[in-house]
Number of protein chains: 2
Amino acid sequence: MFSIGELSRRAGVKIPTIRYYEQMGLMAAADRSEGNQRRYSKDGLKRLSFIRHSRELGFSIDDIRGLLELSQHPEKPCRDAHNMAARRLDDVRARIAKLRRLERELKRISGCDADTIAHCAVIETLADHGLCEGDH
Amino acid sequence: MFSIGELSRRAGVKIPTIRYYEQMGLMAAADRSEGNQRRYSKDGLKRLSFIRHSRELGFSIDDIRGLLELSQHPEKPCRDAHNMAARRLDDVRARIAKLRRLERELKRISGCDADTIAHCAVIETLADHGLCEGDH
DNA sequence: GTAATCTCTCTAGCGGCTAGAGCTTCAAGA
DNA sequence: TCTTGAAGCTCTAGCCGCTAGAGAGATTAC
Ligand SMILES: [Zn+2]
Ligand SMILES: [Zn+2]
Ligand SMILES: [Zn+2]
Ligand SMILES: [Zn+2]
């Protein structure tokens, strides 16, 4: 049994974030000490690590609720988990595509060789999307 | 002179967003009709289009305040504008790099060919970052 | 016993909007 | 000119995923 501070250190998740996850129903309401402080076991650490890793991979709090639920039922089919991962992947790819378009425009305007605002490619482009090469 | 609805349609920015930009000091407090409704001119449209385009390119509200200010002073050097664009570009590249690492992991776990949660690569990976190929 | 360090709950704030309630104003047609 | 319906007004609250702070109580080490 360890404190929330210890859990925080071990899992690499800030204390208020742990309490937030509890509120959001990701972490079960923790056991309490006599003085009402949260006490965690190895299980709590595992669960929190799962949550952290899922967040790092971009899953939403809602998704994670589902994934945690699934992980509790080893006999169930994993189709749902695959679907969530696939949706995540699609989303990530869409975001990459969008950012690449941004990168292209930003690279272009960063090449401005004017000295004053009057002829600055950055300002001119912001004022007129027609100067852009692509969509965004 | 046109209404906020008309401005919204022409600039492709929602009405509450326009009012929000006014609150944030990006749009100047608009002229008003006798009945206290906002009235805009071509200048307002230009300014809003500039804001919209800047947002699309990923600049923050704060950055945009600066960029608008710069754009009002054509004689000034454009170094500041370049710096902002460069910082934006760096940020976009960092985000792309991060998303690509994500993409790789998500692609890997999406290749799970198990049937049940018990052996599902998605769930296993979320429970153990050690199974990941890279950092994130 | 006392001091230092945790931890507790509760509330509010971040960015960039978005939505709704409850009201007033405007514009077009009869 | 009057009516009606759309559009506008302000104000407040909510979204996500935290993060920060106040002011209180608990724990721990010496
Ligand atoms: Zn320039
Ligand atoms: Zn553009
Ligand atoms: Zn699977
Ligand atoms: Zn990992």
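As the structure is a prediction and not an experimental result, all values here were calculated from the model. Each chain gets a letter, A, B and so on, in the order its sequence line appears, and its residues count up from 1.
- Put simply, CD1 on A:Ile15 is 18 Å from P on C:dC10, counting in whole angstrom units.
- When each of C:dC17, D:dG17, D:dT10 is scored by its nearest atom to the side-chain atoms of B:Arg19, the top-ranked nucleotide is D:dT10.
- Listed for the A:Ser8 side chain is no donor-acceptor partner under 3.5 Å among the backbone atoms of A:Ile4.
- An OP1 or OP2 oxygen of D:dT10 is reached within less than 4.0 angstrom by a side-chain nitrogen or oxygen of B:Arg38.
- Straight-line distance from the CZ atom of B:Arg65 to the C1' atom of C:dG15: 12 Å, rounded to whole Å.
- Here the P atom of nucleotide D:dC18 and the CD1 atom of A:Ile51 are 10 Å apart, to the nearest Å.
- Atom C1' of nucleotide D:dG8 and atom CD1 of B:Ile18 are separated by 12 Å, given to the nearest angstrom.
- For the pair A:Asp62 CG and D:dC15 P, the computed distance is 12 Å after rounding to whole Å.
- Applying the 4.0 Å criterion to OP1 and OP2 of D:dC18, one finds that A:Arg55 has a side-chain N or O inside that range.
- Toward the 5′ end of DNA chain D lies the nearest nucleotide of B:Gly5, the other residue of the pair B:Gln23 and B:Gly5 mapping further downstream.
- Looking at heavy-atom distances under 4.0 Å, A:Phe59 makes no contact with the nucleic acid at all.
- For A:Ser33, the side-chain atoms get nearest to D:dA26 when compared with the rest of D:dA26, D:dC18, C:dT25.
- Atom CG in A:Leu48 sits roughly 15 Å away from atom C1' in D:dG17 (whole-Å rounding).
- Between the side chain of B:Arg47 and the backbone N or O of B:Leu26, at least one donor-acceptor pair lies under 3.5 Å.
- Side chain of A:Thr17 to backbone of A:Val13: no donor-acceptor contact under 3.5 angstrom is found.
- The shortest distance between the side-chain N/O atoms of B:Tyr21 and the OP1/OP2 oxygens of C:dG16 is not below 4.0 Å.
- Taking atom CE of residue A:Met24 and atom C1' of nucleotide D:dC16, one finds them 10 Å apart after rounding to whole Å.
- Listed candidates were D:dC9, C:dG16, D:dC18. Nearest to the side chain of B:Ile4 is D:dC9.
- Taking 4.0 angstrom as the limit, A:Thr17 places a side-chain polar atom (N or O) nearer than this to OP1 or OP2 of D:dT19.
- With rounding to whole Å, A:Arg9 atom CZ is found 13 Å from C:dT5 atom P.
- When side chains are defined from C-beta on, B:His129 counts as touching B:His136, because their heavy atoms get closer than 4.5 Å.
- Proximity of A:Ser3 to the phosphate of C:dT7: a side-chain N or O atom is located under 4.0 Å from OP1 or OP2.
- B:Met24 and B:Leu68 fall within a single hydrophobic cluster, where Ile, Leu, Val, Met, Phe, Trp and Tyr are joined by side-chain heavy atoms under 4.5 Å apart, directly or via other members.
- The phosphate of D:dC16 (OP1 or OP2) has no side-chain N or O of A:Tyr20 nearer than 4.0 angstrom.
- Here D:dG17 is the nucleotide among D:dG17, C:dT9, D:dT27 with the atom lying nearest to any side-chain atom of A:Ile61.
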